[in-house]
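Just so it is clear: chains get the letters A, B, ... in the order the sequence lines come, proteins before strands, and each one is counted from 1. Below, all heavy atoms of this structure are taken into account, side chains as well, without hydrogens, waters or symmetry copies.
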Protein chains: 2
Amino acid sequence: MSDQSIKELVDHYIHVSFSVNKLAEGMVKGQIGLDLTNDQHYTLRYINKVGSCTSSELAAVFDVKKSAITAIITRLWEKGLILRTRDENDRRVVYLTLTEKGNELFQKTEERIQALVESIITKFDQDELVQFLKTYDKLKEILLERKSRVE
Amino acid sequence: MSDQSIKELVDHYIHVSFSVNKLAEGMVKGQIGLDLTNDQHYTLRYINKVGSCTSSELAAVFDVKKSAITAIITRLWEKGLILRTRDENDRRVVYLTLTEKGNELFQKTEERIQALVESIITKFDQDELVQFLKTYDKLKEILLERKSRVE
DNA sequence: GGTTAATAGTTAAATAGTTTAACAGTTAAA
DNA sequence: TTTAACTGTTAAACTATTTAACTATTAACC
């Protein structure tokens, strides 16, 4: 690969990932904007997926400080969407779970997002899509590996 | 494609794009965090690319309201990185350009980001990378088309 | 066992980014 | 020439973020 073509590929990647990000964020917001912010939705998504987690875990997954998570969680808690439960064995730890209301709201917004993403990705051949996700996964692994090496 | 496999692909896409986003944002921040925020860097990047643009144009590209752009531009202007020049023919319009200082700062951070992205994408075969970007471009076009249709 | 370390989470202050709504100045249209 | 549309800004309100200090709790070590 010549230096020239590498620079072009780098520029290309930076440009397209930026554009797709902005467009996707706007799209998600359009689906959930009335009840939740995007970050709040992603938080509910994660807790829904794992069932129960801690603030420290969320901070690691979202790559932000714990105090940022406290702020998001407090807002969701004020809306009655999240439960905070102290661990009786280690009283430093607080487990986060969805309330009934939180689960319902997540499922409702999730349906819309699933439908939206589905309407988009079904415009690709399955082969193309599978290959795309494979490379995307590989990229994720490389970034994860790099992060663990740097920090 | 069965419904089941579609749902799996949708979940897969949502998950991997979220993770890569968070990791990439953190990485970019690590490179530029001292002088600029990520959004400020992306703003300088865009102006550098097109040479000169307006707030309305930036608002469209970033998919936010014009007042959000005013805030970002004002911060960059206060740092002496951006010039605001009124159009003499249409005095509503303000052209945004980089100052010498803005250009220097962008080039400096850009070098680091280019090196970073290069170190990552050169871990892929050129063929795989080209195919990935091709699909990514297609995704961008689909999102753009959808956006123009919805709004 | 008692002191010291580390850990989990919160709080407070400061900053960035965002939206909505109202506005000024300017240009286009009727 | 009046009215409508457009460009950018301001102000208020809110969300998200970081840093630094703090509380409460648990683990480590001598």
Side-chain angles (χ1 to χ4, degrees), chain A residues 18 21-22 25-30 32-44 46-47 52-79 81-97 151, chain B residues 18 21-22 25-30 32-44 46-47 52-79 81-97 151:
Chain A
F18 172 81
N21 262 357
K22 291 291 182 186
E25 287 297 301
M27 235 174 47
V28 169
K29 194 171 172 185
I32 65 174
L34 303 169
D35 305 307
L36 295 170
T37 65
N38 285 11
D39 283 323
Q40 287 168 3
H41 169 77
Y42 289 131
T43 306
L44 294 188
Y46 186 81
I47 299 176
S52 163
C53 70
T54 65
S55 282
S56 299
E57 188 178 338
L58 278 173
V61 171
F62 283 65
D63 203 10
V64 296
K65 304 294 174 197
K66 284 186 296 180
S67 55
I69 299 297
T70 299
I72 292 182
I73 293 299
T74 298
R75 281 178 216 111
L76 291 169
W77 176 81
E78 282 166 353
K79 295 184 189 182
L81 304 176
I82 275 189
L83 227 57
R84 284 165 148 151
T85 317
R86 275 227 124 71
D87 183 331
E88 286 307 321
N89 294 335
D90 183 344
R91 296 189 51 73
R92 291 172 300 184
V93 177
V94 175
Y95 294 116
L96 306 170
T97 52
E151 284 169 2
Chain B
F18 173 82
N21 263 356
K22 290 292 181 188
E25 287 297 303
M27 233 175 47
V28 169
K29 195 171 171 185
I32 64 174
L34 302 168
D35 305 307
L36 296 170
T37 66
N38 285 12
D39 284 322
Q40 288 169 1
H41 170 76
Y42 289 131
T43 306
L44 295 188
Y46 185 81
I47 299 177
S52 163
C53 70
T54 65
S55 282
S56 299
E57 187 178 339
L58 278 172
V61 171
F62 283 65
D63 202 12
V64 296
K65 304 295 174 196
K66 285 184 296 181
S67 55
I69 299 297
T70 299
I72 293 182
I73 293 299
T74 298
R75 280 178 216 111
L76 290 170
W77 177 80
E78 283 167 351
K79 294 184 191 183
L81 305 175
I82 274 189
L83 227 56
R84 285 164 149 152
T85 318
R86 275 225 124 72
D87 183 333
E88 287 305 321
N89 294 334
D90 184 344
R91 295 188 53 73
R92 290 172 300 186
V93 177
V94 176
Y95 294 116
L96 306 170
T97 51
E151 284 171 3

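- For B/Arg84 and D/dT10, the CZ to C1' distance is 12 Å, given to the nearest whole Å.
- Closest approach of B/Val28 and B/Asn38 over heavy atoms only: CG1-OD1, 3.8 Å.
- Taking atom CD1 of residue A/Ile32 and atom C1' of nucleotide C/dT18, one finds them 14 Å apart after rounding to whole Å.
- For B/Lys66 against B/Ser56, the heavy-atom pair with the smallest separation is CD-OG, 3.5 Å.
- Exactly one residue among A/Asp87, A/Thr85, A/Thr54 makes a side-chain hydrogen bond (donor to acceptor under 3.5 Å, both in side chains) with A/Tyr95. That residue is A/Asp87.
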Review point. When you look at A/Ile73 and A/Thr70, which way does the side-chain contact (heavy atoms from CB on, under 4.5 Å) test go after all the steps?
Key: CA-CA 5 Å; A/Ile73 293 299; A/Thr70 299; 5.9 Å; no
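- Between the CH2 atom of B/Trp77 and the P atom of D/dT9 there is a distance of 10 Å, rounded to whole Å.
- Regarding contacts with the backbone of D/dG8, a side-chain N or O of B/Ser56 is found under 4.0 angstrom from either OP1 or OP2.
- A distance of 5.0 Å separates CD1 in A/Ile69 from CG in A/Leu58, rounded to the nearest 0.5 Å.
- Taking 4.5 Å as the limit, some side-chain heavy atom of A/Phe62 sits within range of a side-chain heavy atom of A/Thr43.
- Of all the heavy atoms in B/Leu36 and B/His41, the pair that sits closest is CD1-CA, 4.2 Å.
- To the nearest angstrom, P of D/dG8 lies 10 Å from CD1 of B/Ile73.
- Atom-to-atom, CD of A/Glu25 to C1' of C/dT18 comes out at 13 Å; the value is rounded to the nearest Å.
- Under 4.0 angstrom from either OP1 or OP2 of D/dT9 there lies at least one side-chain N or O belonging to B/Ser55.
- In terms of modelled atom types and a separation under 3.5 Å, the side chain of A/Arg86 and the main chain of A/Arg91 share a donor-acceptor contact.
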**Study point:** Annotated protein contacts, base or backbone, on nucleotides 23-30 of chain C with a non-hydrogen cut-off under 4.0 Å, one of B, S, - each
**Key:** --BBS---
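- Side chain of B/Asn21 to main chain of A/Asn21: no donor-acceptor pair is present (N/O by atom type, distance under 3.5 Å, no hydrogens or angles).
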Review point. After noting the C-alpha distance and the side-chain angles of B/Tyr46 and B/Cys53, does the key distance pass the side-chain contact (heavy atoms from CB on, under 4.5 Å) rule?
Key: CA-CA 9 Å; B/Tyr46 185 81; B/Cys53 70; 4.1 Å; yes
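- Paired runs in DNA chain C that reach 3 or more consecutive Watson-Crick or G-U pairs, where each pair keeps both distances under 3.5 Å, cover C:1-4 with D:27-30, C:6-30 with D:1-25.
- Annotation: side chain of B/Ile72 is not in contact with side chain of B/Thr37 (no heavy-atom distance under 4.5 Å).
- Regarding the sugar-base torsion, D/dA27 falls in the anti class, its angle being beyond 90° of 0.
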Practice item. Sugar-phosphate atoms are those with a prime plus P, OP1 and OP2; base atoms are the rest. Using that split, label each nucleotide of nucleotides 16-21 of chain D B, S or - for protein heavy atoms under 4.0 Å, 5' to 3'. Key: BBBB--
